[in-house]
Amino acid sequence: MKLEVQRTENNTYIPPRAITIAGSDSSGGAGIQADLKTFTALQVYGSSAITALTAQNTTKVSGIHAVPSEFVEEQLVDILEDIGTDSVKTGMLFNSDIIKTVVKVLKKYNITKVVVDPVMIASSGAKLLEDDTIEIVRSELLPIAYVITPNIPEAEVLTGLTIKSIDDMKAAAKKLYDMGVKYPLVKGGHIAFNANNEVAKDGEEASYITDILFDGEKYYEEKMEYVKTQNTHGTGCTLSSAIAAGIAKNESVLTAYKNARKYLQNAIKYSFNLGKGHGPLNHYHNSVLFPDNRTFVETLKDYAKKEYNDYVNHEFVKRIADGTLPVESFKHFLCQDYIYLTHYARVHAVCGFKLNNLREIAKEADIINIIRTETQLHIKYCESWGISLEELERTKEAANNMAYTRFCIERGLSGDILDLKVALFACLIGYGEIGVRIVNDPNTKRENNPYYTWALNYAADLYQSSVTTGIAELEELAKEYIKPGDTERLKNLCEIFRQASRLEANFFEMGLKRLN
Ligand SMILES: Cc1ncc(COP(=O)(O)O)c(N)n1
């Protein structure tokens with residue numbers, strides 16, 4: 001991942017640039033529209049030369065108006081003479097005149113990074129390439145193609161081979177290489193496999209698909225999940241423009257392909273049920289935007305403003321800061337905190353149960369071990385307050401204590417890992433804020449305040465760095481688990497944070513009033 005900041009003070013930064021030479025899709029899901037959306041989502045400056053206007057939607061292409069080839073040339077030349085480009089993607093070229101013109105201009109300007117999507121038939125069934133053009137594609141376009149991205153039917157037309165297996169796909173890729181393409185990519189979406197590695201009979205039993213990328217020496221076999229959905233309008237356009245975007249960023253073809261595949265898989269996974277046919281993809285799934293450009297954590301805190309403030313400014317906290325908390329209240333709080341730690345470990349065990357990857361599960365196990373060490377320190381700290389281990393173990397769990405910990409467990413069991421982490425987050429971030437505030441506040445009583453070391457603990461680097469990590473992890477989880485635009489899910493998560501903040505305030509209430 002690139003970490004350098006791509007903007008300079010006098011704005012001399014030149015973004016990666018790509019051109020799409022393709023047809024316009026009035027419904028916005030494929031063609032020029034899909035390409036420009038993809039370039040933008042992948043932070044590449046996109047320009048376009050339109051080859052044809054199509055009137056289409058998710059069910060049909062009702063009309064095609066080809067652009068005269070001279071005007072395709074004029075568009076391309078205007079871009080190349082002024083803005084320039086780092087890569088080109090071609091889509092629907094429609095007729096021989098346009099193909100020949102495009103090849104002529106690309107050759108004239110020495111453009112070599114050309115990703116060719118050999119568009120022939122729309123997913124709705126309409127022809128997007130005139131019948132007599134295949135020979136021209138073979139003789140003119142393939143030799144200038146850096147990458148070509150046919151699906152299986154397109155690869156069959158281009159090579160004349162019949163493709164029924166992975167070996168057939170490899171043979172087609174080899175043939176395309178011999179026809180002049182540097183990196184043929186044969187997409188396997190039309191041959192899905194089931195869990196037993198047999199060709200799946202239907203979409204129902206389909207489990208994964210395989211693409212073949214060939215570089216003249218090695219075949220790269222990329223397996224990926226078969227996503228069961230009707231919403232596939234524009235998949236070919238999106239993959240090829242995402243590859244062109246990666247190449248414009250100077251990525252190797254293999255890296256550009258892998259990143260493009262990941263982008264496409266998520267665009268399909270989070271696609272929209274728009275229209276009556278093959279619905280469009282979600283091109284902006286990678287830019288989770290929370291209301292008013294807030295981060296996820298800011299969104300949670302803003303939504304639960306009142307409850308969160310009642311919690312972090314609780315009377316218990318004020319009396320810790322000025323040293324006026326009754327000793328018996330603090331001792332009661334410490335005994336309950338001992339019980340809390342055990343349940344806190346249980347909540348992390350539920351986190352482990354909710355995760356699928358061993359590295360992540362092991363991280364939860366590490367946290368549980370830290371909680372065990374913390375508990376040992378807590379026992380020592382309690383001893384310094386004259387509370388014995390026997391007394392700690394005799395303590396009955398207070399209702400407010402039970403409410404918060406069981407709420408977290410319940411959210412975890414009925415929801416997913418994000419629900420659970422949000423429930424736990426109120427504790428992590430709130431105590432961090434309380435610690436820093438007490439320590440920085442000039443009115444805090446530092447001398448002869450027996451509670452000051454308690455606050456110091458939460459302001460210390462060790463705790464603060466776990467807050468920083470917790471925030472970063474939560475932002476990442478939010479990107480992964482909240483579909484862009486899913487306000488219902490976001491609201492539910494905000495409600496969890498609000499409840500957790502209330503329950504935290506009640507925990508302090510219990511400490512202050514010694515409630516059982
Ligand atoms: C202008 C234009 N270009 C390409 C496609 C192919 O996309 P799909 O196969 O997803 O329909 C299309 N439908 N329209």
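Note that these values count all heavy atoms, side chains included, but never hydrogens, waters or copies made by symmetry. Whatever order the structure lists ligands and atoms in, that order sets their numbers, starting from 1.
Between K421 and E364, at least one side-chain nitrogen of the basic residue sits less than 4.0 Å from a carboxylate oxygen of the acidic one, meeting the salt-bridge criterion.
The distance from the OG1 atom of T255 to the CD1 atom of I243 is 11.5 Å, given to the nearest 0.5 Å.
Figure legend: K182 and Y146 shown without cation-pi pairing, the cationic atom not lying both under 6.0 angstrom from the six-membered ring centre and within 45 degrees of its axis. A cation-pi arrangement is present between K223 and Y208, with the terminal nitrogen or guanidinium carbon under 6.0 Å from the aromatic centre and inside a 45° cone about the axis.
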N/O contact list for ligand 1, threshold under 3.5 Å:
{"from": "ligand 1", "atom 1": "9 (O)", "to": "S123", "atom 2": "N", "distance (Å)": "3.2"}
{"from": "ligand 1", "atom 1": "10 (O)", "to": "G234", "atom 2": "N", "distance (Å)": "2.5"}
{"from": "ligand 1", "atom 1": "11 (O)", "to": "S123", "atom 2": "N", "distance (Å)": "2.9"}
{"from": "ligand 1", "atom 1": "11 (O)", "to": "S123", "atom 2": "OG", "distance (Å)": "2.9"}
{"from": "ligand 1", "atom 1": "13 (N)", "to": "Q56", "atom 2": "OE1", "distance (Å)": "3.2"}
{"from": "ligand 1", "atom 1": "14 (N)", "to": "Q56", "atom 2": "NE2", "distance (Å)": "2.8"}

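Counting non-hydrogen atoms of neighbouring residues, nucleotides and ligands closer than 6.0 angstrom, the CD1 atom of I83 exceeds 12 such neighbours.
A side-chain donor from one of S24 and Q33 sits under 3.5 Å from a side-chain acceptor of the other.
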